[in-house]
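Before any comments, here is the structure.
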Amino acid sequence: QVQLVESGGGLVQPGGSLRLSCAASGSIFSIADMAWYRQAPGKQRELVAAITSGGSTNYADSVKGRFTISRDNAKNTVYMKLDNLKPEDTAGYYCKAAVMVDTVVGRTPVRGYWGRGTQVTVSS
């Protein structure tokens, strides 16, 4: 089984920065795409940024130029640097990874796994 654990959230003033981390662990054969989502109270969960195993990235329009996603494949970890934070960025931030699990009889089909989230609050 796979676990994703996020860290790095917190309270920050508008214009400030945070760096989020998400480490995957378990019986991982390989990880394809990794992504960050966010969900504010009363809102749908939305994709913020995604990165492929080869390093290609895409971002939601609302965060382009402010957020940067990256990954360290050796550590099974994805990061996201959040710069110039705005109050509307306040949300729970969740990591997702598309994982092939290493089993006793071989790898599984790719499946999405979720972390439990880390809270980002932007307020003065």
Side-chain angles (χ1 to χ4, degrees):
Q1 195 167 350
V2 175
Q3 282 190 303
L4 303 178
V5 180
E6 302 99 332
S7 62
L11 175 64
V12 64
Q13 293 182 335
S17 298
L18 289 171
R19 189 187 190 220
L20 307 182
S21 299
C22 172
S25 61
S27 299
I28 297 170
F29 184 85
S30 65
I31 302 178
D33 293 358
M34 303 184 81
W36 288 96
Y37 290 72
R38 67 186 180 187
Q39 186 170 24
K43 300 286 188 178
Q44 296 291 319
R45 187 169 296 188
E46 64 175 345
L47 177 67
V48 178
I51 184 167
T52 69
S53 61
S56 297
T57 61
N58 65 275
Y59 298 90
D61 288 342
S62 59
V63 306
K64 284 181 179 177
R66 299 190 297 119
F67 293 5
T68 305
I69 189 171
S70 61
R71 66 192 286 170
D72 185 335
N73 291 333
K75 297 180 179 179
N76 288 331
T77 299
V78 63
Y79 308 92
M80 188 164 67
K81 183 73 184 306
L82 290 66
D83 292 319
N84 191 23
L85 282 160
K86 303 176 180 180
E88 51 263 44
D89 296 318
T90 296
Y93 283 72
Y94 299 85
C95 176
K96 184 181 181 181
V99 180
M100 286 178 279
V101 178
D102 190 9
T103 74
V104 68
V105 295
R107 73 183 188 182
T108 67
V110 68
R111 172 186 165 183
Y113 291 84
W114 289 92
R116 293 188 176 183
T118 185
Q119 179 68 32
V120 171
T121 302
V122 185
S123 176
S124 59

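The heavy-atom pair separating Asp72 from Tyr79 by the smallest distance is CB-CE1, 4.1 Å. Across Pro14 and Ser124, no two heavy atoms sit closer than the pair CD-N, 3.7 Å. When all heavy atoms are compared, the tightest approach of Ser70 to Val78 is O-CG2, 3.2 Å. Residues Met34 and Asn76 share a closest heavy-atom pair of CE-O, 4.2 Å.
In the hydrophobic clustering, Tyr94 connects to Tyr37, Leu47, Trp114, either directly or through intervening members, whenever side-chain heavy atoms lie under 4.5 Å apart. Clustering of Ile, Leu, Val, Met, Phe, Trp and Tyr by side-chain heavy atoms under 4.5 Å joins Val5 with none of the others.
In the displayed structure, Gln119 atom CD is contacted under 6.0 Å by more than 12 heavy atoms of other residues, nucleotides or ligands. Counting heavy-atom neighbours within 6.0 Å of Gln44 CD, excluding the residue itself, gives a total of 12 or less.
For residues 24-47, every residue pair satisfying the salt bridge (charged side-chain N to carboxylate O under 4.0 Å, His left out) rule, not counting sequence neighbours, is listed here: Arg38-Glu46, Arg38-Asp89. Within the structure, disulfide bond (SG atoms under 2.5 Å apart) pairs that include any residue of residues 31-122 comprise Cys22-Cys95 (at least two apart or interchain).
Every residue meeting the side-chain contact (heavy atoms from CB on, under 4.5 Å) condition with Thr103, not counting sequence neighbours, appears here in chain and number order: Val101, Val105, Thr108. Listed by chain and residue number, nothing satisfies the salt bridge (charged side-chain N to carboxylate O under 4.0 Å, His left out) test with Asp102 (two or more places apart in sequence, or in another chain).
Note that CD1 of Ile31 and OH of Tyr113 are 10.5 Å apart. Values are rounded to the nearest 0.5 Å. If you take CD1 on Ile28 and CE on Met100, they are separated by 11.0 Å, rounding to the nearest 0.5 Å. Note that the CZ atom of Arg71 and the CD1 atom of Ile69 stand 8.5 Å from one another [nearest 0.5 Å]. Atom CG of Leu82 and atom OG of Ser17 lie 8.0 Å apart (nearest 0.5 Å).
Residues Val12 and Tyr93 are members of one and the same hydrophobic cluster, defined by side-chain heavy-atom contacts under 4.5 angstrom among Ile, Leu, Val, Met, Phe, Trp and Tyr.
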Query - side chain to side chain contact (heavy atoms under 4.5 Å, CB included) between Tyr59 and Ile51, intermediate numbers included - result: CA-CA 9 Å; Tyr59 298 90; Ile51 184 167; over 6 Å; no
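In this structure, Trp36 and Glu6 have side chains that are in contact, with non-hydrogen atoms separated by less than 4.5 Å.
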